[in-house]
**Q** 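Structure below; questions to follow.
By convention in this document, chain letters (A, B, ...) are assigned in the order of the sequence lines, proteins followed by strands, and residues within each chain are numbered from 1.
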Amino acid sequence: MSMSTYLLSRAGQGVMLIAVMSLLVFLGLFAIGNPVDMFVNPQADQAEIARTTAALGLDKPLWEQYGHFVGKALHGDLGQSFVHGASALHLIVERWPATLELALVAITIAVILGIPLGLWAGLRPDSLAGRFIMGGSIVGFSLPTFWVGLMLIMVFSVQLQWLPASGRGAVEIVLGVQTSLGSLDGWRHVLLPALNLALFKLSLIVRLTRSGTREALTQDYVRFARAKGLTERRIVGVHVLKNVLVPIVTVIGMEFGSLLAFSVVTETIFAWPGMGKLLIDSITQLDRPVVVAYLMFVAVLYVAINFLADLAYSLLDPRVRLGGTAQ
Amino acid sequence: MPVTRRTAVALATAITAAFIALASPAAHAQPKAGGELKIALSYDSSSLDPHFAATAGNITVSSHFFDCLVHVSPEGKYVAGLAVDWRAIDPTTWEIKLRQGVKFHDGSEMTAEDVQFSLERPAKIVNSPGPFTSYTKSITSIQVVDRHTLRLKTAEPYGPLPGDLSSIFIVSKKAAAHATTEDFNSGKAMVGTGAYVFSSYKRGDSIAMTKNPNHWGQKSVWDKVVIRFVTADAARVAALLAGDVDLIEGVPPSDMPRLKGDARLQVQQRTTWRTLFLHLNHGASDSAAVFTAKGGGPLGKNPLKDVRVREALSKGLNRQALVQAALEGFGVPAAQIVAPGIVGYNPALKPETYDVGGARKLLAEAGYPDGFGITLVVPNNRYIKDEQVGQTVGQLWSRIGVQVKLETMPMATYVPKMKAGEFGAALLGWGTMGADFGMRTLLCTIDPAKGWGTWNWGKYSNKAVDDLVHAAFQSIDPAKRDANAREAMTLALKDYAVLPTHYQLASWAMKKGLTYPGRLDEFTFANFVKPE
């Protein structure tokens, strides 16, 4: 399969996925009822409610509303938020840098700590440190995110008062990118939520790296390398690590997607003004255009990330051919 | 493997160092007059346009930058705002005298032109999800008499007009005439007369403002105010405990003991205008599935149509136990639809005495000696301890032989189902500045032509009540309006149209050294936060 065929089939799958998903979300939210009742002024009379319903296009039958939505979506317009009166896509894109920043810091923490710790535990499975690392990863795996988040706040913000409990630091434009990471204050704000988000991924990476390492150590090429008299540094740093990384890259890709899409709990607990908080707020207010646009955005994101992970994969392991079996 | 170990140690050291470098003890400093005040709201704001949507978050934010003609005092009384006087010169004409010498934030003078523009603007906002037109629709024409006088005409006599005027923010015509929602959100059109001047807005996060040194009323004691939107209860409490903010609203009951016990903090509680009551489905058909006979079969009758049944249900509510057990003290038993101090409140009405024997007797008289079953639905994310209130009501009613099938659901699912009349009884909370307002929406006969009964999903209908509410609206004299509204509500309650249960306590928590008196309408305004 050539590269372009591969790309085309991937894009086709993505479009299908998005179409099906938008329809499902649309139907689901439609079934709940008229959202106007949720946000209209309680004193409004029937005429005002009818006018508002019509202004938002909610008086039309379902198929017509969906048709209207699809027609506009094909022109890149995912509709106006009922609640904010602004473009739904604009609202999402506006929050995107905050979430991206949080997810990047979190995944960096997870990778920087996870791979070395996993390697260590894999190379020395019976050592005290190795066992400690594995024990820690079980804890990190099993504790619920909201609880860990609250504990982090209780310890570092409330008791020790080292770090702020919530919110994002001052935002500035650094190299054309909107970020709060240009200042110390920004880092102080991002640290706890990022740590909270990272914990689960960190445990995952530790465990994957460890089992990958242990498996690699028994492989012939490692034994040959040893027999050849290569340094331990080269064996671990090149031969073992490179092979361990293949599955980890896939997992990081997928996990990064989920960090971006569903950091809802962490963003809520830490009042981080990202996309996850927008999603939750929009769901509770039945702001359908934002919920639909959000999930479409996330679907596109997943397709893109998986594609990038596939690419990274083929670079790490030349035997992997995109889109097909090895020839 | 010395290399790996060295790397690991170095890494661990670097990370710890970074953590320590970032972590510096934050000052749990008290805000000082002239300094900065940081508040965490429990609501988000959807737009800075003060006429975009009448939601709690938007109104709170707008109130800092814009004034209304009539203001509402913390106790819920109408006081002079940008208008110093308002009176009906004939039954359908109100004359408004404006305060003179009031300046907008851009230095221009506030005149009758701006007021006319502001009163006409809500009707022109097409995509509003919660229009302010509810407060302007009774005005049929606006006449500018001179720079500081206006005459407002209404189609028929309309006494509550001053109340409506307390909900419409006055904007600068010059700044807002061609402004879009985005122009407000960017601050360009944020030109009001209010106590604060706009500095910056981060949607979904916070808004910052500075003191308006030229404000006509009481000037802010704070030079800078930051309002953060922290909708999650736990995050709001944590922000206060960590010293990130100075004051929070909407303290969750479970955190109250802890905050009360913290020597660095203090709390303020007061009853508010929000009254909770059980709405009853008077209109359900006799075969409705929300009623069952003892044992689960169909009842074949809508028992709520019988006033004796409704009275029995009221007698079966131990309201004192309800506020203590379910609400953990975050409520006060209620006997009516409005709070003390509100137009139409009747001091003579006391909460129904809890009387199991009396209730059972009434049920037997009505033909239900074995009681019946009813579906009770309560929201689970809207009111203080709403789910627990539902459970407690279920237990209390089971003592009089009424078996409750309790359902709880999020507000977003609850409201459409309720409006479709799918419940037997339902818990609803309502905050209003007048019993006539509340009754018009909740209990008056449904009439789309008049705009009445929008939330009367239980289809209660009582001509005498309707007439009295109508009379209240037509009363230009506030005392007469109060009397009519009072009589209308008393009549409806004697008929057990709804069963009031309790008033909620609103709570604020703040750093020691600050005071906030709280407000009847639950709002949090920086201008009323003072150093001790």
**Q** Under a 4.5 Å heavy-atom cutoff, which of A/Ala271, A/Gly167, A/Ala47, A/Pro42 has the most pairs with chain B?
**A**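 It is A/Pro42.
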**Q** Can you list the steps and then say if A/Gln43 with B/Thr441 is a side-chain hydrogen bond (donor to acceptor under 3.5 Å, both in side chains)?
**A** CA-CA 7 Å; A/Gln43 289 211 11; B/Thr441 313; over 6 Å; no
**Q** Less than 4.5 Å apart, any side-chain heavy atom of A/Ile49 and any of B/Lys419?
**A**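 In short, these two side chains touch, coming nearer than 4.5 Å.
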**Q** Can you tell me if A/Asp37 uses its side chain to pair, donor with acceptor, with the backbone of B/Pro416 under 3.5 Å?
**A**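 It does not hold such a pair.
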**Q** Answer yes when B/Lys137 and A/Asp45 have at least one side-chain N-carboxylate O distance shorter than 4.0 Å, and no when they do not.
**A** yes
**Q** How many angstroms lie between atom CD of A/Gln285 and atom OG1 of B/Thr55, to the nearest 0.5 angstrom?
**A**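 So the gap between those two atoms works out to 8.0 Å.
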**Q** After noting the C-alpha distance and the side-chain angles of B/Ser47 and A/His84, does the key distance pass the side-chain contact (heavy atoms from CB on, under 4.5 Å) rule?
**A** CA-CA 6 Å; B/Ser47 164; A/His84 296 271; over 6 Å; no
**Q** Is there side-chain contact between A/Asn41 and B/Tyr135, with at least one heavy-atom pair below 4.5 Å?
**A** yes
**Q** What is the distance from atom CG of B/Asp44 to atom OG1 of A/Thr284, rounded to the nearest 0.5 Å?
**A**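 With rounding to 0.5 Å, CG (B/Asp44) is 9.5 Å from OG1 (A/Thr284).
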**Q** Name the region of A/His189, side chain, backbone, both or neither, that has any atom closer than 4.5 Å to a heavy atom of chain B.
**A** neither
**Q** Less than 4.5 Å apart, any side-chain heavy atom of B/Ser128 and any of A/Thr52?
**A** no
**Q** Under a 4.5 Å cutoff for heavy-atom pairs, which residue among A/Ile153, A/Val83, A/Ile280 has the most contacts with chain B?
**A**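 That would be A/Val83.
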**Q** Within the side chain of A/Lys277, is there an N or O that forms a donor-acceptor pair under 3.5 Å with the backbone of B/Gly204?
**A**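 Confirmed, A/Lys277 side chain pairs with B/Gly204 backbone.
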**Q** Does A/Leu128 CG have over 12 foreign heavy atoms under 6.0 Å away?
**A**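 No, because the 6.0 Å sphere around CG of A/Leu128 holds 12 heavy atoms or fewer from other groups.
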**Q** Check B/Val126 against A/Ala55 and note the closest heavy-atom contact, atom names and distance.
**A** O-CB, 3.3 Å
**Q** Within the structure provided, determine whether B/Lys202 and A/Pro273 are in side-chain contact (heavy-atom separation under 4.5 Å).
**A**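 The answer is no; the side chains never approach within 4.5 Å.
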**Q** Which bit of B/Ala53 is near chain A, if near means a heavy-atom gap under 4.5 Å: side chain, backbone, both or neither?
**A**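 Contact with chain A involves no heavy atom of B/Ala53 at all.
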**Q** Where do B/Arg228 and A/Ser166 land on the side-chain hydrogen bond (donor to acceptor under 3.5 Å, both in side chains) test, with the steps shown first?
**A** CA-CA 10 Å; B/Arg228 288 183 45 197; A/Ser166 61; 2.7 Å; yes
**Q** What part of A/Ala86 is in contact with chain B, defined as an atom under 4.5 angstrom from a non-hydrogen atom: side chain, backbone, both or neither?
**A** side chain
**Q** Counting C-beta onward and ignoring hydrogens, is there a side-chain heavy-atom pair between A/Gln46 and B/Ile446 closer than 4.5 Å?
**A** yes
